[in-house]
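Chain letters run A, B, ... following the sequence lines, proteins first, then strands; residues in each count from 1. Quick caveat: nothing in here was measured; it's all calculated off a predicted structure. Just so you know, these numbers use all the heavy atoms, side chains as well, and skip hydrogens, waters and symmetry mates.
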Amino acid sequence: MCSTPNPVENVFCSNCGARLVPLTSAAVPEAKPPAPPIKGLSLPAKPELPGETQASEEPPSPPAAAEPMEPTAPAPEPATEEEHVPEWLARLRETSPAQQDEESPATEESAPLPEWITPTTAEPTPDQALSKPTEDELPEWLKQAHIGQTQPPELTSETEDEIPDWLKQAQAQAPVAPAAAENEQAPDWLAQAAAESASTEEATQAEPTEAGEPEPVSEVEPVQAIEPPKEPEPLVPSEPLIESLEATVGSALAQAEAEPVAASPSAAVEDDGIPDWLREAAPPATPVEPPKELEQPLPSEVPAWVAALKPADVMAPSLGASENEAVEAAGPLQGLRGVLPLALAIAEPHPPTETSQPASRADGGSIFESILAAPTAAAPAAKPARRALTMRPLIYLLLLLAVLVPFLLPYDITSSTFNIAGTPAAGFYDTLQKLPAGSTVLLSFDYDPSMSGEMDLLANAVVRDLVQRRVNIIAVSTLETGPQIAQRILDSAASATSQYTYGSNYLILYLPGNEAGLANLATAGPATATDFVDKKSAGQFPVAAKIRTLRDVAMVIDFAGTEDALKAWVEQVQPRVNVRIAAAVSASVEPKARAYRSANQLTAMMSGLMGAAQYEVLSNQPQLAVISINAQTAAQLVVVFVIILGNIVFWISRARGHAT
Amino acid sequence: MTDIIGVWVGAVLTLLVFSYLLGDTPLFRLAQAIFVGVAVGYAATVAIYLVLVPKLFAPLLADAATNWPLFVPLILGLLLFTKLRANWAPIGNLSIAFLFGVGAALAIGGALSGALAPQLAATIVSLSPAQGWGTVVNNLLLVIGTIGAFLSFRFITSAQRPALRALDGAARRWGYVGRWFVLVAFGAIFADTAVSRITILISRVYYLLHNWLLVIK
């Protein structure tokens with residue numbers, strides 16, 4: 001109820017359309033309370049047609065039957081037929097294709113209707129046919145009511161006989177034009193009501209006479225007319241009962257047609273007017289559950305602080321047209337445009353902003369452009385490259401001659417210049433000379449074929465001397481190629497000595513595992529290793545049968561081509577068994593070996609071609625090392641000469657550079 | 001006949017390697033590929049016939065119950081094959097971890113007992129003139145060079161106190177001297193390396209002249 005003052009004869013509120021007078025009489029003692037209207041639903045339970053959508057968006061208007069009737073017009077005029085059309089018929093008209101075409105042509109043209117709407121607009125479906133009752137299906141009493149609605153009520157004698165007395169009286173009193181005679185026959189309460197209605201009619205009839213002039217407020221009906229009666233009095237309907245029944249039945253049919261029941265405020269208002277018997281006859285309305293998904297807030301419901309964060313107004317000028325900005329389709333920002341414009345700002349190309357560049361930067365750009373435009377000059381660094389290309393073959397040639405010529409000369413250059421006394425090779429030779437015949441030494445061949453050109457000279461010199469002195473040899477190697485090298489050297493030395501055989505006087509073993517293999521050798525001895533030639537255990541050979549640990553060998557001689565090989569022996573074997581180790585190493589390993597020798601970690605050491613040549617001279621077996629020493633000396637002289645010449649050229653060119 | 005073929009093969013490969021003096025030629029790359037392939041193949045053959053067969057497979061096939069501990073290195077070795085596939089590679093980390101763990105333990109223990117302690121002890125020398133002036137000078141150079149080499153790797157900001165500042169200046173100067181010792185040591189290592197490579201060159205030239213060309217006897 002909107003508490004708007006309405007005339008007494010109004011059944012529905014002229015403002016909100018709510019029924020002012022209950023349809024059932026007050027004599028019914030216990031009327032069931034109307035079902036509480038379901039509020040807060042914005043989605044209709046039944047899909048609405050476009051015409052209905054417009055109607056639902058508009059404020060609820062009172063039904064046509066609730067319009068205040070003109071008391072002075074008992075016969076319905078053609079213009080007022082629309083007002084007397086029952087609600088169910090009005091709805092059917094709204095859903096008819098012809099009417100839809102008239103009402104919303106633009107809607108159909110702009111957007112095609114969905115499939116669920118199309119059959120209803122094209123031709124009536126069976127459901128629609130059921131919802132529109134034909135005259136045959138209508139009951140007899142409803143036919144009469146319908147006839148009485150569509151046609152002007154002309155009471156014939158036959159119909160007058162069928163109408164009960166109370167209805168006749170009501171029809172006679174329904175027209176507001178009262179007659180004096182009738183007023184006399186009417187009861188007191190009816191006469192009073194008629195008098196009040198007559199006064200109201202006078203007020204309403206005065207309006208056309210005073211066309212264009214607003215009625216003063218003081219002339220409005222007194223407030224007592226809208227005061228509710230203190231006692232419930234039986235109200236006489238101010239319109240014919242047939243119309244009331246039509247309206248009731250029509251609304252009931254429309255309600256039965258709609259499944260599920262549309263819970264709208266208008267429906268709730270109509271529900272109030274349904275009689276109990278019709279409400280019970282109607283199918284039970286299934287409760288409409290609200291959709292589980294959260295309703296998205298409308299833009300008007302967005303909080304102020306969120307709206308304040310909307311950056312569209314700020315970013316729009318910089319980003320250009322705001323029409324390209326995305327509209328948020330979901331979430332609390334639904335409906336807002338340009339809330340998150342960063343992605344667009346990155347993805348879409350936009351004109352570069354004109355920034356003021358410093359003058360130095362602009363000058364740098366112009367200089368860079370001029371450099372690019374200038375013709376390329378020849379690279380000045382070509383001279384050193386040419387010089388290097390010319391000098392390099394010359395150095396190669398000088399070194400080759402220094403190596404070749406000594407081999408071709410008949411006389412020895414350096415033999416007379418040997419100073420063997422006090423050299424490491426002499427100490428090494430003296431150490432080995434202390435080994436008794438028949439003793440066993442362990443030789444480690446820790447170099448690969450790439451170093452054999454140097455290391456073979458040392459190994460050959462030492463092995464020949466040991467074999468000639470009949471010292472037993474157990475050769476080991478931690479490299480895969482070491483046993484092959486050892487076999488070649490030992491077989492060569494053994495072939496030059498009688499009764500020096502493999503297994504009895506010398507043995508070749510392979511020690512896998514590098515440092516781990518050496519550590520295992522130090523603790524377990526060589527008996528667990530595998531023979532290289534016969535692939536047998538070392539313990540099966542006589543030369544290794546009596547060697548249980550490394551302490552049983554007289555000495556370890558390491559032919560080390562690299563620092564790591566020598567370091568492995570010094571670090572892994574000597575601390576464990578404290579065996580004497582002598583090293584015959586490459587010249588590149590000599591600094592390291594000297595440090596070990598100075599710390600007495602090596603018993604003796606010699607290195608390089610010079611050490612091999614010295615050992616050959618000491619052992620009276622001049623071989624390849626002595627022959628090669630001349631070439632070694634000549635090559636070293638060439639290298640020294642090249643170094644000195646290069647430095648002289650460098651200083652001269654530097655002086656010329658300073659002078660120029 | 002076999003020796004002749006071997007000499008010819010060795011001589012040709014030597015010349016192919018020497019072709020590097022003209023640049024990175026395909027002949028040098030051919031010799032390089034042959035050397036790497038022969039070395040790897042030979043190493044694999046040695047590992048199979050000297051390690052796997054006599055020390056792993058033969059004992060397991062002969063008496064697996066007695067030699068059951070050999071299954072541990074067998075499994076660890078098989079796990080290394082998982083490194084061939086990226087998805088299974090983490091499984092092989094167990095073997096790699098075992099190898100690295102053993103290697104690191106041996107290296108650290110050997111460095112402490114076999115290199116650091118003996119080398120530190122070797123620097124404790126006598127400077128008594130009774131040993132002769134040559135020995136005294138040698139030992140003095142040893143001490144100065146060793147400590148100077150350590151001080152040359154000293155990266156400490158100068159102190160504020162005068163006494164510490166003087167000490168810092170002395171250490172800086174000593175470190176500067178020690179840097180020259182380091183440079184001399186690097187020069188000696190480089191010279192020895194050059195001598196070693198010249199020796200190898202001489203051996204190859206002698207091989208060509210003596211074994212292949214038979215120019216010299």
In terms of heavy-atom proximity below 4.5 Å to chain B, should [X] be classed as side chain, backbone, both, or neither?
| X | value |
| --- | --- |
| A:L624 | side chain |
| A:T528 | backbone |
| A:T481 | both |
| A:L457 | side chain |
| A:Q601 | side chain |
| A:P512 | side chain |
| A:V573 | neither |
| A:Y396 | side chain |
| A:Q574 | neither |
| A:A519 | side chain |
| A:L399 | side chain |

Practice task
Answer with side chain, backbone, both or neither: which region of B:L209 has an atom nearer than 4.5 Å to a non-hydrogen atom of chain A?
Solution key: side chain
Practice task
Identify which part of B:V195 has an atom lying under 4.5 Å from any heavy atom of chain A, answering side chain, backbone, both or neither.
Solution key: both
Problem - Proximity of residues 113-138 of chain B to chain A, residues having a non-hydrogen atom under 4.5 angstrom - result: B:S113, B:G114, B:A115, B:P118, B:Q119, B:A122
Exercise for the section: Answer yes if the ring centres of A:F559 and A:Y447 are under 6.0 angstrom apart, and no otherwise. Expected result: no
Fill in the blank from the handout: For B:S196 and A:S588, the nearest pair of non-hydrogen atoms, with its separation, is CB-N, 3.9 Å
Practice task
Could you tell me whether B:R204 sits above the aromatic face of B:Y207, with NZ or CZ closer than 6.0 angstrom to the six-membered ring centre and within 45 degrees of the axis?
Solution key: yes
Considering only heavy atoms from C-beta outward, does the side chain of [X] approach that of [Y] to under 4.5 Å?
| X | Y | value |
| --- | --- | --- |
| B:L50 | A:F532 | yes |
| B:T14 | B:W212 | no |
| B:V182 | B:S152 | yes |
| A:E563 | A:L566 | no |

Problem - Check: A:S537 side chain, A:A527 main-chain N or O, donor-acceptor pair, under 3.5 Å - result: yes
Exercise for the section: Keeping the roles fixed (side chain from B:N67, backbone from B:P59), state whether a donor-acceptor pair exists under 3.5 Å. Expected result: yes
Exercise for the section: Count the heavy atoms of every other residue, nucleotide or ligand shown that sit under 6.0 Å from CZ of B:R173, and state whether that count exceeds 12. Expected result: no
